[in-house]
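This one's a predicted model, so the numbers in the text were calculated from it and none came from an experiment. The figures here come from the full heavy-atom set of this structure, side chains too, leaving out hydrogens, waters and symmetry mates.
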Amino acid sequence: MTTVIKRDPKRFLRNMKAHYGDVWHIPSSRYLSNPDFVVVDPKSGKKTKVSFVSLDDGETVAVVYDELG
C-alpha cells in the first residue's frame, strides 16, 4: 500500500539522501510501478514517487524516485 506524504519533495529527498547512501532518479524503474511513498507538495501539487530497493535479506540498499508531474 502506497503512503501519501504532504511535504516539499525536494526537502523529503534531501532527508532521504542524508540517511541512505544511494538515492537515484530512475524514471523507468520497475520498483516505481508500486511505490512505497508518493510525496505531494502542498503548494504546487507536484507529486514524486519514491521506492526502497531491498535485498532478499531485507537490507535497504537504495532509494529510487521519479516525478509524476
State, to 0.1 Å, how close Lys49 and Pro35 come at their nearest heavy-atom pair, and which atoms those are.
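Looking at all heavy atoms of both residues, the closest pair is CB-CB, 4.0 Å.
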With side chains defined as the heavy atoms from C-beta onward, is the minimum distance between [X] and [Y] less than 4.5 Å?
{"X": "Tyr65", "Y": "Val39", "value": "no"}
{"X": "Asp36", "Y": "Val63", "value": "no"}
{"X": "Asp22", "Y": "Val61", "value": "no"}

Taking a hydrophobic cluster as the set of Ile, Leu, Val, Met, Phe, Trp and Tyr residues connected by side-chain heavy atoms closer than 4.5 Å, whether directly or through intermediates, do Val38 and Val50 fall within one such cluster?
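No: no chain of side-chain contacts under 4.5 Å links Val38 to Val50.
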Starting from Leu68, can I reach Val40 by hopping between I/L/V/M/F/W/Y residues whose side chains sit under 4.5 Å apart?
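As far as the 4.5 Å side-chain criterion goes, Leu68 and Val40 are connected within one cluster.
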Working to the nearest 0.5 Å, report the span between NZ of Lys47 and NZ of Lys6.
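Reported to 0.5 Å precision, the distance equals 9.5 Å.
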Taking atom CG of Asp57 as the centre, report whether more than 12 heavy atoms of other residues, nucleotides or ligands fall under 6.0 Å from it.
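Counting other residues, nucleotides and ligands, CG of Asp57 exceeds 12 neighbours.
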Does Arg11, at its CZ atom, have more than 12 non-hydrogen atoms belonging to other residues, nucleotides or ligands within less than 6.0 Å?
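No, because the 6.0 Å sphere around CZ of Arg11 holds 12 heavy atoms or fewer from other groups.
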Could you list the residues that satisfy ring pair (Phe, Tyr, Trp, His ring centres under 6.0 Å) with Phe52, not counting sequence neighbours?
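Result, ring pair (Phe, Tyr, Trp, His ring centres under 6.0 Å) vs Phe52: Tyr20, Phe37.
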For Val64, does its backbone N or O pair with a side-chain atom of Ser51 as donor and acceptor, under 3.5 Å?
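No, because the side chain of Ser51 does not come within donor-acceptor range (under 3.5 Å) of the backbone of Val64.
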Hey, can you pull the donor-acceptor pairs under 3.5 Å for the side chains in residues 25-34, sequence neighbours left out?
{"from": "His25", "atom 1": "NE2", "to": "Asp66", "atom 2": "OD1", "distance (Å)": "3.2"}
{"from": "His25", "atom 1": "NE2", "to": "Glu67", "atom 2": "OE1", "distance (Å)": "3.1"}
{"from": "Ser29", "atom 1": "OG", "to": "Tyr31", "atom 2": "N", "distance (Å)": "3.2"}
{"from": "Ser33", "atom 1": "OG", "to": "Arg30", "atom 2": "O", "distance (Å)": "2.9"}

